[in-house]
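First listed ligand is number 1; within each ligand, the first listed atom is number 1. We use all heavy atoms of the structure for the numbers below, so side chains are in, but hydrogens, waters and symmetry mates are not.
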Amino acid sequence: MEQVKTRFAPSPTGYLHVGGARTALFSWLYARHCHGTFVLRIEDTDRERSTQPAIDAILESMQWLNLNWDEGPYYQTKRFDRYKEVIDQLIREGKAYKCYCSKERLEQMRADQMAQGLKPRYDGHCRDDHSEHSPDEPYVVRFRNPDSGVVAFDDMVKGHLEFQNSELDDFIIQRSDGTPTYNFCVVVDDYDMGITHVIRGDDHVNNTPRQINLYRALGAKEPTFGHVAMILGDDGNKLSKRHGAVSVMQYREDGYLPEALLNYLVRLGWSHGDQEIFSVQEMIELFTPEQINKSASSFNTKKLEWLNAHYMKTLPRAEVAAELKWHLARIGIDTDKVEGPNLELVVQNYCERTHTLKEMAEKVRCYFEDLGGYDPAGVKKWIKDGSVAILQDSLAVLKELSTWDAAAIDQALEGVAHKHEVGMGKVGQPLRLAMTGTPTSPGIGDTMVLVGRERCFKRIEDAIAAFSQQ
Ligand code: GLU
């Protein structure tokens, strides 16, 4: 059986958006499903629009999503010699030619064609031009596209597709500044790199017959193509910034887990029965391009949130904790330097109480930093006449504890409630305010374990001082 080799070939003109990430995921999954090879190639020939920050953002996004590549990243700008070699070869073989047509001539031709109701296309004027040109006269190189016949291929997603050669013109493969164009480089690269399956956005489907003609001119067999329909926003329009986050790293910043985003993206345009939850391993086992939907899919943030909540609860704690560490660092808390609870314990206590890691980081900063104050509404509601006495008694019984665990703490505090003849709320809420500055936190025993013994005593003392003045 043919050894499958796929690639993801982004143009680094901006961050990696969810559409690109889904294409990358599908290509990666197919390679992994077939025990094949996955290549990353940066298509940076458009030097005006390609930037290093965009390259960095793409690599960072791929790494965060764990879409590891076996080869690359290759950079097209490092392959100019090879492109030149192929262009020269095509010219020598009469399969490509230099075109000296001026801008004015091309504009006139276009205008005439439009006036006649024809589709604008290059008229082949320079195809057989053998006249002498001065070396500094600018030219482009065009591919000599077949005049007649049909280009047909079986798309893995869209099925059988056919294009008339008469509809295609002699497209430019080298610009007047000497740089090769996308439609050309992509073919040379996919050919040189032995790519067997090209999965990409269907915005490229009209390029494919041109590219197939180029493969044939090079005496090469074209890869199998799969063109994936685009992603729409929840209002049915093409997904854009207006719909909220579109860049992969923005999803990270917003507190989503890579597993949630991958699971979300795989379902956005691919299905396996009505199953919604897929571990990465399951996706690899089950993915085939034939099950990719033909029609566009709509983004649904609620579903992504739901998946994120699921993975926050079910992934190994250490994995979620690693991501939480990143979020804490973003809000200025370096957990390697500051004193605080074990992150896996934090995740265990907060994974059901928060929907994103961003939210979790905000909620748990009180375990790593001094309190910035007490929530005024919480104080108003929970700090009453007897509260300071309850805090004092709580401090006393807690100091007596020989083990610092949630069960022992809860039991000791129940004794305090009993003594004051009040419910646990009247003990727990003032203590939560003392511990976290807010009246919401996990069970009071768990909260105090997270705060830590010495810090807990200190915080109760601070709260007694603060609330005594009320
Ligand atoms: N560089 C192209 C893009 O980012 C992709 C080309 C391809 O996959 O063939 O749209």
*asked:* Centroid separation under 6.0 Å, is that true for the rings of Y100 and H133?
replied: yes
*asked:* Can a side-chain donor-acceptor contact be found between R200 and T208 if the only test is distance below 3.5 angstrom?
replied: yes
*Is the backbone N or O of R121 less than 3.5 Å from a side-chain atom of Q113, with the two atoms forming a donor-acceptor pair by type?*
yes
*Applying a strict 4.0 Å limit to heavy atoms, is V186 in contact with ligand 1?*
yes
*So, are R144 and D128 salt-bridged, with charged N and O less than 4.0 Å apart?*
yes
*Distance filter under 4.0 Å to E43 heavy atoms, resulting ligand 1 atoms*: 1 (N), 2 (C), 5 (C), 6 (C)
*Would you say Y182 contacts ligand 1, with heavy atoms under 4.0 Å as the rule?*
yes
*Provide the number and element of each atom of ligand 1 under 4.0 Å from a heavy atom of R7.*
7 (C), 8 (O), 9 (O)
_atom 5 (C) of ligand 1 [closest protein heavy-atom partner, distance rounded to 0.1 Å]_ = A9 O, 3.3 Å
*asked:* Within the 4.0 Å heavy-atom shell around S11, which atoms of ligand 1 are there?
replied: 1 (N), 2 (C), 3 (C), 4 (O)
*Sidechain N-carboxylate O distance under 4.0 Å for K119, E167*: yes
*What residue and atom, counting heavy atoms only, is the protein's closest point to atom 10 (O) of ligand 1, and at what distance?*
H204 NE2, 2.8 Å
_Within-cut-off N or O pair, R200 and ligand 1, under 3.5 Å_ = yes
*May I ask you to decide if R175's main-chain N or O and T179's side chain share a donor-acceptor pair within less than 3.5 Å?*
no
